[in-house]
Amino acid sequence: MAERRYEPHEIEPRWQELWARERTWEVTNEPAEGRGGPAAGAGLAANCYVLEMLPYPSGEPHIGHLKCYSVGDAIAHFRRRLGARVLHPMGYDAFGLPAENHAIKTGEHPRDSTAASIASFRRQFHSWGISIDWSRELATHEPSYYRWTQWIFLQLFEAGLAYRKEAAVKWCPKDQTVLANEQVDAEGHCERCGALVEVRQLEQWFFRITDYAERLLSDLDGIDWPEHVKTMQRNWIGRSEGAEVTFRCEDLDPADPVDYPVFTTRPDTLFGATFFVMAPEHPDVMRLAQGTEHEQAVHDYVNHALNETNEERGNAEKPKTGVPLGRTVTNPVNGERIPMYVADYVLMEYGTGAIMAVPGHDERDYAFARAFGLPIRRVIEGTPEDGGDEHGLPYAGDGPLVNSHRDFDGMPNREALAAIVAWLDREGKGHASVNYRLRDWLVSRQRYWGAPIPIVHCEGCGMVPVPEEQLPVELPEIEDYTPKGRSPLAAAEDWVNVKCPACGGRARRETDTMDTFVDSSWYYMRYCDARNERAAWDQGALRQWMPVDQYIGGVEHAILHLMYARFFTKALADLGQLDFQEPFQALFTQGMVTKDGSKMSKSKGNVVSPAAIVERVGADTARCYILFVGPPDQDADWSDKGVEGVHRFLSRLWRMAAETAERAGAPDPRFPDLAGARGDDLALARKTHWAIDKVSGDLRRFAFNTAIAAVMELLNDCSRLHETVDTETLRFALASAASLLFPFAPHVSADAYALLTGERVWEQPWPEADEALLESDTYELVCQVNGKVRDRVQASSGAGAEELKDLCRAAPNVIAHVDGHEIVKEIVVPGKLVNLVVR
RNA sequence: GCGGCGGUGGCGGAACGGUAGACGCGGGGCCCUCAAAAGGCCCUGUCCGCAAGGGCGUGUGGGUUCGAUUCCCACCCGCCGCACCA
């Protein structure tokens, strides 16, 4: 027999070419009925949408991409072979800062460097053999795509969900540009030039995601996402129940008092409020201090606070600072006049930017009161073991009210809370209220490489949307990508100066571009109808595929991308553009791939390049290894030795398949009936069916590592028994191994399967385990004495409880351990064990 | 501080409340070979023992149970997210 070698570099391109030539993985938008298939019976939707998060094309794909698409491809293949028509597309999130920074440095147009990266990604995805429907490929920087990004912006604008307002934003004085939060390091330096970042008040575009806070929160209950991702989203939305309470200030003009609402989660402690604090950014702070002895101090304090970095200001450990405003407000529940302060521990962006301070029952207010010598009043009774100072304050627990009002004193605080809110409501001094931590999404960027915001500023008409038929507003060609205090687009004078679409008068284009998260908030819908030139999508096309059945990506997108995409879906559904509420029915988050225990990075020199691995051992080995190394939702450490082990396994599988095919003569699509097999043939048939059962179950729960291990076990049995079993039995076992491994290692599996059967494995239905062969007529009964294993004996599968007890009592080593003791109890677990409890 | 995830051999990791350590890596031995590479076979938690067998073992301490890596309580350690959120 000729020596046969596993040659991935011959096998892999051969199958890739066939799949490309026959467009094997393309699906049309025809309704599913015509296709039938076993899907309906299996309870699976006949149409199934499997999607991995689209890559940001920068340089070459890294090992994290390999993991993500290996997971997604395994699921896509499995669903297909269960009978579903699977949509599995690919695209590129092509706008963004790295390409722009590269352009600033080298002068190369971002479009050119992006095109080069996309070509590299596309080439590698082909070389990995990922089953992609390439007919739907898209890139977010193409005018044919961002035309519809702009269209969606206009939908939101017209619905009042996109708006402009002044906001405090991060500003780099050296680069003369606004920075996104993520471009500022922990110490408050600009990521690119290292200059200290400032805060500036500038007009910016926002999406009104806060309108959707409640639905974004409650709809989490209906989707199949990992619990930790849901928790992160819940925390980010940060819902708090409480009350809004109005404090009145009559100091400026008694005839024209000003009302300051505050949000509190503890209206039950209202009687304990002994001062009032405003955030430094609060618009009234300077007006209030004006003319008082504190005016200069307030001015200095506010300026200092605004220039502090988040890091400095956000530190809860730092001592409380602040300045009196020299004014008072009236506590609505008892008419007390309490002093006003400005302090940086109050945040403008949460609640109303002002708080009532209850030092007796809030740690921060307590610290402030201590530092400023303000009165501290207990209004809820605690117990001595609650801790705190010599008076047991601050006390955050529950208890009856004291020192409040005769109507409420003695009442448990939770009850009092409701009663006080009801009273405030009746008096018109407050009402129950819900507050969210979530803030509106700032979407404008003073950057070149993004989708232009399709708005025209007219001297007469104000903000005018660009008419739909004029979309896309294409990016102008410019020479200099460096921002200079305004968007680089502003330099393209010919482009900026336009006629107002409404009145025909002089107008200027909006020069800001959109945050790249806008582009990626709707791409999954575009795939459903990627070549539509008349609309972003056809609703009928969406109905066939959406929502995504299985979404796959890294946890780093747990909050932003996944929240924004959910917001888009809900907003567009409200606008009648879709008829579903959630974009991703199920989510799987894959863990990171590390090397030597730490994140791969160029500076550490521990980067594993997928291209180099594929070059050395082939794509099947690389894909299989990354899924075998551990549970895919957990982090995994890359080991070159481990890769070799998987390569040996695939090599053995292919070689044995080739040898067995030769021994069997011609390939044959039929398998022998092994129901009546005996001896080793029966053992191997059983192992095969065990593996089918195991891999099927493991695939459903994303346990790819144990699925691959099961095929390894099957192959180990094949080599152990290959000389004693019938060739046909071996052929069945090996073909099954190839069939089960196909979702993970498609090329070698397709090749082995074809050698043995002459068939295309991806056209075969997923194998089904034969119940009869999963059962065995005897098994090893574990015999325990007092819970410790003392012996093992053969028992027949049909044996009853009494028979099993007898077997156990008769086991030699059981006899030795029972000797001299009394059996007080006998536990029988049929099919497993007998436990004798002795005394 | 709050929330989440995790802690099992030399290593990555397996284990519906029922034989702890599947599978792989590493290590040891052997076969094939003039030799090597490749491949194949066997052993491999730990301690005692020639063996049969036994003791100990899933971060720590308790609990529930005939039986706990698994369930409950209290801690310790590590990683991730959020954090002066009123």
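Letters A, B, ... mirror the listed sequences (proteins, then strands); counts begin at 1. Fair warning: this is a prediction, and the values are worked out from it, not measured in the lab. Because only heavy atoms are used, hydrogens play no part in the values below, and waters and symmetry mates are left out as well, while side chains stay in.
A:Glu363 comes within contact range of no nucleotide atom at all, as no heavy-atom separation falls under 4.0 Å. Using a 4.0 Å heavy-atom cutoff across all strands shown, A:Val789 reaches sugar-phosphate atoms only and no base atom. Residue A:Val782 is in base contact, counting any heavy-atom pair closer than 4.0 Å across all strands shown. Within 4.0 Å of A:Lys320, counting heavy atoms only, lies at least one base atom of the nucleic acid. Among the heavy atoms of the strands, none lies under 4.0 Å from A:Ser639. Within 4.0 Å (heavy atoms only), A:Asn705 reaches sugar-phosphate atoms of the nucleic acid but no base atom. In this structure, A:Gln784 reaches the bases: a heavy-atom distance under 4.0 Å links it to at least one base atom across the strands shown. Heavy atoms of A:Gly645 sit under 4.0 angstrom from primed sugar atoms or phosphate atoms, though from no base atom. Using a 4.0 Å heavy-atom criterion, one finds that A:Val358 contacts no nucleic acid atom at all.
Summarising the base pairing, B:C34 is matched to no nucleotide, lacking a Watson-Crick or G-U wobble pair whose two defining distances lie under 3.5 Å. In this entry B:U58 has no Watson-Crick or G-U wobble partner, no candidate having both defining distances under 3.5 Å. In this structure, B:G53 forms a base pair with B:C48, meeting either the Watson-Crick or the G-U wobble geometry with both donor-acceptor distances under 3.5 Å. Pair assignment for B:A20 gives none, since no Watson-Crick or G-U wobble pairing has each distance under 3.5 Å. Shown here, B:G67 forms no base pair; nothing in the strands shown gives a Watson-Crick or G-U wobble contact with both key distances under 3.5 Å. The pairing partner recorded for B:G3 is B:C80, the criterion being a Watson-Crick or G-U wobble arrangement whose two distances lie under 3.5 angstrom.
The C1' atoms of B:G21 and B:U69 are separated by 11 Å, rounded to the nearest whole Å. Atom C1' of B:G59 sits at a distance of 6 Å from the matching atom of B:G7, rounded to the whole Å. Across B:U60 and B:C66, the matching C1' atoms stand 26 Å from one another, rounded to whole Å. For B:C23 and B:G9, the C1' atoms lie 15 Å apart once the distance is rounded to whole Å. To the nearest whole angstrom, the two P atoms, one in B:C11 and one in B:C47, are 15 Å apart. Between the C1' atoms of B:G62 and B:A14, the separation comes to 28 Å (whole Å). When the P atom is used for both B:G17 and B:G3, the distance is 26 Å, rounded to whole Å. Look at the P atom in both B:G18 and B:A68: the space between them is 11 Å, to the nearest Å.
Of all heavy-atom pairs between A:Leu650 and A:Cys624, the closest is CD2-SG, 4.4 Å. When every heavy atom of A:Pro280 is checked against every heavy atom of A:Tyr301, the shortest pair comes out as CG-CE2, 4.4 Å. Considering every non-hydrogen atom in both A:Pro359 and A:Pro375, the closest pair reads CG-O, 3.4 Å. Between A:Ser719 and A:Arg652 the shortest heavy-atom distance is OG-NH1, 3.2 Å.
Judged by distance alone, with hydrogens and angles left aside, A:Lys641 brings no side-chain donor or acceptor close enough to the base of B:C11 to form a pair under 3.5 Å. Residue-to-nucleotide contacts include no donor-acceptor pair under 3.5 Å from the side chain of A:Asn235 to the base of B:C82.
For A:Lys832, counting side-chain heavy atoms from C-beta on, the closest listed nucleotide (B:A86, B:C84, B:G18) is B:G18. Closest to the side chain of A:Lys788, from the set B:G55, B:C82, B:G18, is B:G55. Nearest nucleotide to the A:Met712 side chain, out of B:C66, B:C23, B:G55: B:C23. Of the candidate nucleotides B:A15, B:U19, B:G81, B:A15 has the atom lying nearest to any side-chain atom of A:Thr706. Side-chain atoms of A:Thr264 lie closest to B:A86 of the nucleotides B:C82, B:C66, B:A86. If you check B:G13, B:C82, B:C23 against the side chain of A:Pro631, the one that comes closest is B:G13.
Residue A:Arg652 has a polar side-chain atom (N or O) positioned under 4.0 Å from OP1 or OP2 of B:G40. Taking side-chain N and O atoms only, A:Ser240 has a distance below 4.0 Å to OP1 or OP2 of B:A86. Taking only side-chain nitrogens and oxygens, A:Arg364 comes nearer than 4.0 Å to OP1 or OP2 of B:C85. Between A:Asn716 and B:G24 there is a side-chain N or O to OP1 or OP2 distance below 4.0 Å.
A:Val646 is not listed as a side-chain neighbour of A:Val617, based on a closest heavy-atom distance of 4.5 Å or more.
A cation-pi contact links A:Lys320 to A:Tyr345, judged by a cut-off of 6.0 Å to the six-membered ring centre and 45° from its axis.
The distance between atom CZ of A:Phe649 and atom P of B:G12, rounded to the nearest whole Å, is 22 Å. Across the protein-nucleic acid pair, A:Phe628 atom CZ and B:A22 atom P stand 11 Å apart, rounded to whole Å. For the pair A:Leu715 CG and B:G24 C1', the computed distance is 13 Å after rounding to whole Å. Rounded to an integer number of Å, the gap from A:Asp693 CG to B:C16 P is 14 Å. For the pair A:Gln634 CD and B:A14 P, the computed distance is 7 Å after rounding to whole Å. If you measure from atom CD of A:Glu659 to atom C1' of B:G39, you get 11 Å, rounded to the nearest angstrom. Separating the CZ atom of A:Arg234 from the P atom of B:C82 is a distance of 17 Å, rounded to the nearest angstrom. Rounded to whole Å, atom P of B:G81 lies 11 Å from atom CG of A:Asp635.
Heavy-atom distances to RNA chain B give each of A:Arg648 and A:Tyr345 a nearest nucleotide, and the one nearer the 5′ end belongs to A:Arg648. Comparing A:Glu713 and A:Asn835 by the nucleotide of RNA chain B that holds the closest heavy atom to each, the one mapping nearer the 5' end is A:Glu713.
With respect to A:Lys805, the side-chain contact (heavy atoms from CB on, under 4.5 Å) criterion is satisfied by exactly one of A:Val828, A:Ile823, A:Leu836: A:Val828.
Salt bridge A:Glu214/A:Arg239: present, at least one basic N to carboxylate O contact under 4.0 Å. The pair A:Asp698-A:Arg701 counts as a salt bridge, with a side-chain nitrogen and a carboxylate oxygen less than 4.0 angstrom apart. With salt bridges taken as basic N to acidic carboxylate O contacts below 4.0 Å, one links A:Asp221 and A:Arg234.
Centroid-to-centroid, the aromatic rings of A:Phe247 and A:Tyr260 stay 6.0 Å apart or farther.
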Item to check | Where protein sits on nucleotides 47-53 of chain B, one letter per nucleotide: B base, S sugar-phosphate only, - none, heavy atoms under 4.0 Å | outcome: ------S
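With its glycosidic angle more than 90° from 0, B:G7 adopts the anti conformation.
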Checklist entry - Please walk me through it: do A:Lys694 and A:Glu713 pass salt bridge (charged side-chain N to carboxylate O under 4.0 Å, His left out)? => result CA-CA 11 Å; A:Lys694 172 83 176 143; A:Glu713 279 195 55; over 6 Å; no
